[in-house]
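Below is one structure, written out as structure tokens, with a few remarks after it.
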2 protein chains.
Amino acid sequence: MSIQYAILGLLSRQPLTGYDLKKLFAEAETLYWSGNNNQIYRTLVKLHKANLVTQEVHHQEDAPARKVYTITTVGQEALLAWLQTPPELPQVRNHFMLQLTWADQLDDADLDNLLARYEEELRVKQMMIREQHQRDQSRTGNRATSRSPLLAARITERWLDYYGHELAWVQDLRRELL
Amino acid sequence: MSIQYAILGLLSRQPLTGYDLKKLFAEAETLYWSGNNNQIYRTLVKLHKANLVTQEVHHQEDAPARKVYTITTVGQEALLAWLQTPPELPQVRNHFMLQLTWADQLDDADLDNLLARYEEELRVKQMMIREQHQRDQSRTGNRATSRSPLLAARITERWLDYYGHELAWVQDLRRELL
DNA sequence: GCCGACATGTAATGGGTTACATGATTTA
DNA sequence: TAAATCATGTAACCCATTACATGTCGGC
């Protein structure tokens, strides 16, 4: 699949430029792309060629032109078709777990150090998601009665839950190894 | 980083051939590589050139030669150095969560269908990890008193926990959307 | 005067996947 | 006789990342 449906999805809410998308990807803690230029601008060109989006160039004086992309009806249909695609299992690439798999070769101090650093990383990430969650909630007004904000809320909650459990797990393990 | 340290790690326990490694990757539910030839054989050549492993060719009559790779002391040191490398956060690429992000555009039936399929996928995966866990435990004899099997047990338990929570979450969400 | 935000893009590289290619032996 | 397992490897491709490249404007 790839980033193209994420872009289509974002465009289905509002027209955006490549630069906007870049920022959105970079900011969103749960959208896992780095938000690098190469992919975004190339994908937009590709989507445009396939008539899934339209491009509108806004010339500005004394500033580079903004290219605003808007989803087309064809694009909407493509998005909808993708939404009905069979879901895949998450691909959890846990670099740390790999290290831990062989970490019995470390001495006690180095092992605890590894765990402690991971714990710290998790803490930071958890905090960042929590802040984003609160920002989102204050924007939507917290009433998750209709379906769309309910889904958004449950998704972020799941991410928070994930990092929370990962954190609790590593803390337990550290205590157990003392 | 990449697959090279996973290979070094596996070789640190016992000498193996490319084919052995391929199987190990394909079987292991928590090692996230597909276990494709290209990467494994290429990486082994690379490791060999870098003197991190030695290669021993076992000629067999009426069968292709087996190339058995053994980790060197340099390789052991490289592995140990990597183990002390700062851990990274897990990269969770959850395709399904992306779909769900825009899934408010689906009607009730399609949305429930999407969730139901995901639930089923999780169930299968959970079962496979559980089985692998039991196999591992019967091999090591379940006494996680020394450090190494304790780590192995905690790692698999964490994976089980992850899929368990993901499953519970999707079930709750389905109920909530009824 | 420098840095960060705005705004677009390209080049090089790495990491990973599927599919292709070959050929023997065992098992159903 | 068709398949699965053993055993090695290559080709083509996709997806993603970092770094490079260019240029304006506003604020400190």
Side-chain angles (χ1 to χ4, degrees), chain A residues 1-8 10 15-28 30-50 53 55-69 82 88-95 98, chain B residues 1-8 10-11 15-28 31-50 53 55-69 82 88-95 98:
Chain A
M1 80 111 243
S2 73
I3 205 170
Q4 75 165 300
Y5 290 106
I7 290 180
L8 272 185
L10 288 168
L16 295 164
T17 68
Y19 188 75
D20 294 333
L21 286 163
K22 182 183 159 169
K23 273 195 299 179
L24 285 173
F25 281 115
E27 281 166 22
T30 56
L31 257 50
Y32 46 71
W33 289 279
S34 71
N36 67 96
N37 295 351
N38 203 327
Q39 247 187 318
I40 290 173
Y41 288 109
R42 286 168 131 288
T43 304
L44 284 171
V45 169
K46 201 180 110 197
L47 291 174
H48 188 219
K49 272 188 191 153
V53 300
Q55 191 196 62
E56 221 181 311
V57 184
H58 290 227
H59 287 287
Q60 303 173 103
E61 289 172 25
D62 304 329
R66 302 178 73 237
K67 296 187 180 173
V68 180
Y69 292 91
W82 170 69
E88 287 167 27
L89 284 174
Q91 286 189 295
V92 186
R93 329 211 128 185
N94 200 329
H95 190 225
L98 267 189
Chain B
M1 78 111 239
S2 73
I3 206 172
Q4 74 165 302
Y5 291 106
I7 290 180
L8 271 185
L10 289 168
L11 291 180
L16 295 165
T17 69
Y19 188 75
D20 294 333
L21 286 163
K22 182 184 160 170
K23 273 194 300 178
L24 286 172
F25 281 115
E27 283 166 21
L31 258 50
Y32 46 72
W33 289 279
S34 71
N36 65 97
N37 295 349
N38 201 331
Q39 249 187 319
I40 290 173
Y41 288 110
R42 285 169 131 289
T43 304
L44 284 171
V45 169
K46 201 180 112 196
L47 291 175
H48 189 217
K49 271 187 191 153
V53 300
Q55 190 196 62
E56 222 180 311
V57 184
H58 289 226
H59 287 287
Q60 303 172 102
E61 289 172 25
D62 304 329
R66 304 177 72 236
K67 296 187 181 172
V68 180
Y69 292 90
W82 171 69
E88 287 168 27
L89 284 174
Q91 285 189 295
V92 186
R93 328 212 129 186
N94 201 330
H95 191 224
L98 267 189

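Every chain is numbered from 1 and lettered A, B, ... according to where its sequence line falls, protein lines coming before strand lines. Fair warning: this is a prediction, and the values are worked out from it, not measured in the lab. The analysis underlying the following values was restricted to heavy atoms, covering all of them including side chains, and did not include hydrogens, waters or symmetry mates.
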Whole-Å distance separating the OH atom of Y19(A) from the C1' atom of dT22(D) | 15 Å

Can you tell which of dT17(D), dG16(C), dG9(C) lies closest to the side chain of Y69(A)?
-> dG9(C)

Rounded to whole Å, the CD-P distance (Q55(A) to dG9(C)) equals 7 Å

Whole Å only: how far is the NZ atom of K46(A) from the P atom of dG9(C)?
-> 16 Å

Heavy atoms, side chains only, cut-off 4.5 Å: are Y32(B) and L98(A) in contact?
-> yes

Would you say a side-chain N or O of K67(A) is under 4.0 Å from OP1 or OP2 of dG9(C)?
-> yes

Test side chain to side chain contact (heavy atoms under 4.5 Å, CB included) applied to Y69(B) and L8(B), L44(B), T17(B), L10(B), the passing residue = L44(B)

With a 4.5 Å heavy-atom cut-off, do V53(B) and Q55(B) have their side chains touching?
-> no

Nearest-Å distance for atom pair CG/C1', residues L21(A) and dA7(C) = 13 Å

Considering just the side-chain nitrogens and oxygens of K23(A), establish if one lies under 4.0 Å of OP1 or OP2 belonging to dC6(C).
-> yes

Quick one: are L21(A) and Q39(A) in side-chain contact, heavy atoms under 4.5 Å?
-> no

Checking only heavy atoms, does the side chain of N37(A) share a donor-acceptor pair with the base of dT10(C) at less than 3.5 Å?
-> no

Closest nucleotide among dT18(D), dG9(D), dG16(C) to the N36(A) side chain = dT18(D)

Would you indicate, yes or no, if dG9(C) has its OP1 or OP2 atom less than 4.0 angstrom from a side-chain nitrogen or oxygen of Y41(A)?
-> no

Looking at S34(B), does any N or O in its side chain come under 4.0 Å of the phosphate oxygens OP1/OP2 on dG16(C)?
-> no

Between dC15(D) atom P and I7(A) atom CD1, what is the distance in whole Å?
-> 12 Å

Go through dC15(D), dG9(D), dG16(C) for me and flag the one nearest to the S2(A) side chain.
-> dC15(D)

Distance from N36(A) atom CG to I3(A) atom CD1, nearest 0.5 Å?
-> 7.0 Å

Choose from dT18(D), dA7(C), dC6(C) the nucleotide whose nearest atom is closest to any side-chain atom of R66(A).
-> dA7(C)

OP1 or OP2 of dT8(D) less than 4.0 angstrom from a side-chain nitrogen or oxygen of T17(B), does that happen here?
-> yes

In whole angstroms, how far is the C1' atom of dC6(C) from the NE2 atom of H58(A)?
-> 16 Å

Is the shortest side-chain N/O distance from Q39(B) to OP1 or OP2 of dG15(C) below 4.0 Å?
-> no

More 5' along DNA chain C: G18(A) or N38(A), using each one's nearest nucleotide?
-> G18(A)

Within this structure, what is the NE2-to-P distance between H48(B) and dT8(D), rounded to whole angstrom?
-> 14 Å

How many Å lie between NE2 on H95(B) and C1' on dT17(C), as a whole number?
-> 15 Å

